[in-house]
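Down below is the structure, laid out as structure tokens.
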Amino acid sequence: FTAPASTGNYTYNAAFADTPLYNGATNTSSVLVNRRNITIEPADLTSIPATSTFTASALLRDGAITLSTRTLTFVFYSTNTAVTNGIGVASTTFLAPLSTGTFSYKVTYPGDALYNPATSYANVGVILKPTVLEVLDVPDAVVGLKFTGTAKLRDIELGNALVLSTKTI
């Protein structure tokens, strides 16, 4: 048997024909067709610099079949929605927190006439922002006299464009 394509209560009939040894019989019973279970597979993320924008994504599947055009809700300090594409993947962006550590985001599907609701979680590993320290040459120091040296701490993620701190000693 194959269950109908939509949920609900259905009936089916069974019949046994007369034989030389047994009387025939018929009976009717019911079939309750429930919604299907689905799987949400969100991606774990590592090495996301603090306060950086990152992309959270999830694959929505019914067994081996990926599900497109379904809206997923992502929660990570704020709530975003995204629609699954032709290969069943939905994605959205969030801002990583200022603190480092391992955090989680939640992905939910509310369910519909065919599929049950589903929820899944994934990890986001947040690390310190990458920096580079630029120390400038001092081309004209004189023996026994004070000189000025300069160091600049730059945010690598911003393409070395942002000087976070400059120290002159």
Side-chain angles (χ1 to χ4, degrees), residues 1-17 24-134 153-164:
F1 296 105
T2 300
S6 59
T7 60
N9 284 308
Y10 296 88
T11 59
Y12 72 97
N13 298 313
F16 179 73
T26 61
N27 203 345
T28 301
S29 193
S30 65
V31 175
L32 174 61
V33 178
N34 295 306
R35 295 185 289 178
R36 296 173 66 89
N37 289 323
I38 57 170
T39 304
I40 300 173
E41 298 174 0
D44 284 329
L45 303 169
T46 59
S47 302
I48 304 298
T51 71
S52 299
T53 300
F54 68 91
T55 300
S57 64
L59 173 65
L60 185 63
R61 297 186 325 145
D62 173 1
I65 301 167
T66 59
L67 302 174
S68 61
T69 68
R70 302 295 201 289
T71 301
L72 300 181
T73 300
F74 292 77
V75 179
F76 184 79
Y77 296 103
S78 62
T79 301
N80 296 338
T81 59
V83 177
T84 55
N85 62 18
I87 58 171
V89 176
S91 61
T92 189
T93 59
F94 290 105
L95 188 64
L98 181 60
S99 56
T100 61
T102 301
F103 303 87
S104 65
Y105 68 93
K106 177 170 77 168
V107 185
T108 60
Y109 180 68
D112 58 24
L114 183 59
Y115 293 107
N116 282 315
T119 299
S120 193
Y121 296 85
N123 291 322
V124 179
V126 178
I127 61 172
L128 295 172
K129 292 181 76 64
T131 58
V132 65
L133 183 62
E134 176 187 5
L153 182 64
R154 297 182 183 266
D155 185 326
I156 291 177
E157 230 185 1
L158 299 174
N160 264 353
L162 178 64
V163 176
L164 299 171

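Positions are given from 1, in the same order as the sequence printed here. All heavy atoms count here, side chains included; hydrogens, waters and symmetry mates do not.
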Could you name each residue pair satisfying salt bridge (charged side-chain N to carboxylate O under 4.0 Å, His left out) that touches residues 72-83, not counting sequence neighbours? none
ring-ring contact (aromatic ring centres under 6.0 Å, His included) contacts touching residues 29-50 (sequence neighbours left out): none
Closest non-hydrogen contact found for Thr26 with Ala15 is CG2-CB, 3.7 Å
Rounded to the nearest 0.5 angstrom, the OG1-OH distance for Thr71 and Tyr109 is 8.0 Å
What residues, two or more places apart in sequence or in another chain, satisfy side chain to side chain donor-acceptor pair (under 3.5 Å) together with Thr28? Asn13
Of all heavy-atom pairs linking Ala56 and Phe74, the shortest is O-CE2, 3.9 Å
Mind checking side chain to side chain donor-acceptor pair (under 3.5 Å) for Tyr121 and listing every partner two or more places apart, or none if nothing turns up? none
For Ala50 versus Lys129, what's the shortest heavy-atom pair and its separation? O-CG, 3.2 Å
So CG of Leu59 and OG1 of Thr66: to nearest 0.5 Å the spacing works out to 6.5 Å
Closest non-hydrogen atom pair between Tyr115 and Arg70, with its separation: CE1-NH2, 3.2 Å
Side chain Ser120, main chain Ile40, donor-acceptor under 3.5 Å: yes
Test of understanding: with side chain to side chain contact (heavy atoms under 4.5 Å, CB included), list the residues that count as partners of Leu114, not counting sequence neighbours. Arg36, Asp112
Which pairs with one or both residues in residues 90-103 pass salt bridge (charged side-chain N to carboxylate O under 4.0 Å, His left out), sequence neighbours excluded? none
At what distance, to the nearest 0.5 angstrom, does CG of Leu72 lie from OG1 of Thr108? 7.5 Å
Main-chain N/O of Leu67 paired to Thr84 side chain as donor or acceptor, under 3.5 Å: yes
Indicate the atoms forming the closest heavy-atom contact of Pro110 with Pro117, along with that distance. O-CG, 3.4 Å
Can you sort out the partners of Ala3 under side chain to side chain contact (heavy atoms under 4.5 Å, CB included), two or more places apart, ordered by chain and number? Val33
Residue set satisfying side chain to side chain contact (heavy atoms under 4.5 Å, CB included) with Asn37, at least two apart, ordered chain then number -> Asn116
Residues that Asn123 engages under side chain to side chain contact (heavy atoms under 4.5 Å, CB included), provided they are two or more places apart: Asp44, Thr102, Ser104
Arg61: partners by salt bridge (Lys or Arg N to Asp or Glu O under 4.0 Å), with sequence neighbours left out: Glu41
Between OG1 of Thr55 and CD1 of Ile48, what distance do you get to the nearest 0.5 Å? 8.5 Å
Return the OG to OH distance between Ser57 and Tyr105, rounded to the nearest 0.5 Å. 5.0 Å
Sequence neighbours excluded, every pair satisfying salt bridge (charged side-chain N to carboxylate O under 4.0 Å, His left out) that has a member inside residues 86-109: none
Can you list, pair by pair, the side-chain donor-acceptor contacts under 3.5 Å of residues 89-101, counting residues two or more places apart and other chains?
unit_1: Thr92; atom_1: OG1; unit_2: Asn80; atom_2: ND2; d: 3.2

Shortest non-hydrogen contact from Val107 to Ala58? CG1-CB, 4.0 Å
Taken to the nearest 0.5 Å, the spacing of Asn85 CG from Leu60 CG works out to 11.0 Å
Angle between ring planes, Phe54 versus Phe76, binned at 30° and 60°: parallel, tilted or perpendicular? perpendicular
